[in-house]
Amino acid sequence: QVQLVESGGGLVQAGGSLRLSCAASGRTFSNYAMGWFRQAPGKEREFVAAISWHGGSTYYADSVKGRFTMSRDNAKNTVSLQMNSLTPEDTAVYYCAADKTLLVVTTGTPDYWGQGTQVTVSS
């Protein structure tokens with residue numbers, strides 16, 4: 001099993017920045033593709049970003065391209081999501097996720113999920 005714990009959520013003004021972190025434990029972290037998802041009130045969960053095993057490839061939803069940056073540190077078993085130029089539309093619970101297959105992270109439902117962390121962007 002893989003356990004994922006998100007942190008770094010909070011309240012930020014529009015135009016500001018926030019950095020989310022996800023700590024992983026359990027199975028070999030470096031062999032998993034990782035992703036970030038978010039779910040706003042009344043909306044379905046949506047894909048935000050993904051990163052390959054070694055961080056060589058990243059993928060972003062169109063809504064966050066150019067504003068969000070995902071990275072990973074396999075030595076520390078962590079992944080991060082740097083969020084810049086935040087808008088109220090970014091308000092959501094953000095979830096960290098992991099799967100052995102990158103395609104599942106980018107287009108499907110990963111096997112492992114964190115508990116989520118709230119991000120609220122005020123205007």
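All values below come from the heavy atoms of this structure, side chains included, with hydrogens, waters and symmetry mates left out. It should be emphasised that the depicted structure is a prediction, and the values quoted were computed from it without experimental measurement.
Side-chain contact check for L20 versus E6: every heavy-atom pair is 4.5 Å or farther apart. Residues R45 and T109 are in side-chain contact: their nearest non-hydrogen atoms beyond the backbone lie under 4.5 Å apart. Proximity of V12 to M83: side-chain heavy atoms (C-beta onward) are nowhere separated by under 4.5 Å. The shortest distance between side-chain heavy atoms of S71 and Q82 does not fall below 4.5 Å. Annotation: side chain of E46 is in contact with side chain of R38 (closest heavy-atom distance under 4.5 Å). Within the 4.5 Å cutoff, the side chain of V119 has heavy atoms near those of the V121 side chain. Looking only at side-chain heavy atoms (C-beta outward), F68 and W36 stay at 4.5 Å or farther from each other.
Here CG of D73 is found 4.5 Å from OG1 of T78. Values are rounded to the nearest 0.5 Å. To the nearest 0.5 Å, the span separating CD on Q118 from OG1 on T91 amounts to 7.0 Å. Taken to the nearest 0.5 Å, the CZ atom of F47 stands 9.0 Å off from the OG1 atom of T107.
In the hydrophobic cluster analysis, where Ile, Leu, Val, Met, Phe, Trp and Tyr join through side-chain heavy atoms closer than 4.5 angstrom, M70 is grouped together with Y112. Under the 4.5 Å side-chain heavy-atom criterion for ILVMFWY residues, a single connected hydrophobic cluster contains both I51 and Y60.
Minimum interatomic distance between A24 and L4 (heavy atoms only, all atoms of both residues): CB-CD2, 3.6 Å. Contact record, S123 with A14: CA-CB, 4.3 Å, taken as the closest heavy-atom pair. Counting all heavy atoms, side chain and backbone alike, M34 lies closest to C22 at CE-SG, 4.3 Å. Nearest heavy-atom pair across R72 and S52 is NH1-O, 2.6 Å. Closest approach of Q3 to Q1, counting heavy atoms only: NE2-CB, 3.4 Å. Nearest heavy-atom pair across A49 and L81 is CB-CD1, 4.2 Å.
Counting only distance, with no hydrogens or angles, the side chain of T106 and the backbone of L103 share a donor-acceptor pair below 3.5 Å. A donor-acceptor distance shorter than 3.5 angstrom exists from the side chain of D99 to the backbone of D111, with no hydrogens or angles considered. A side-chain donor-acceptor contact under 3.5 Å links T87 to the backbone of E89.
Only one option out of V105, L102, V48 pairs with Y59 in a side-chain contact (heavy atoms from CB on, under 4.5 Å); it is L102.
Note: F37 and W113 have tilted aromatic rings, judged against thresholds of 30 and 60 degrees for the angle between ring planes.
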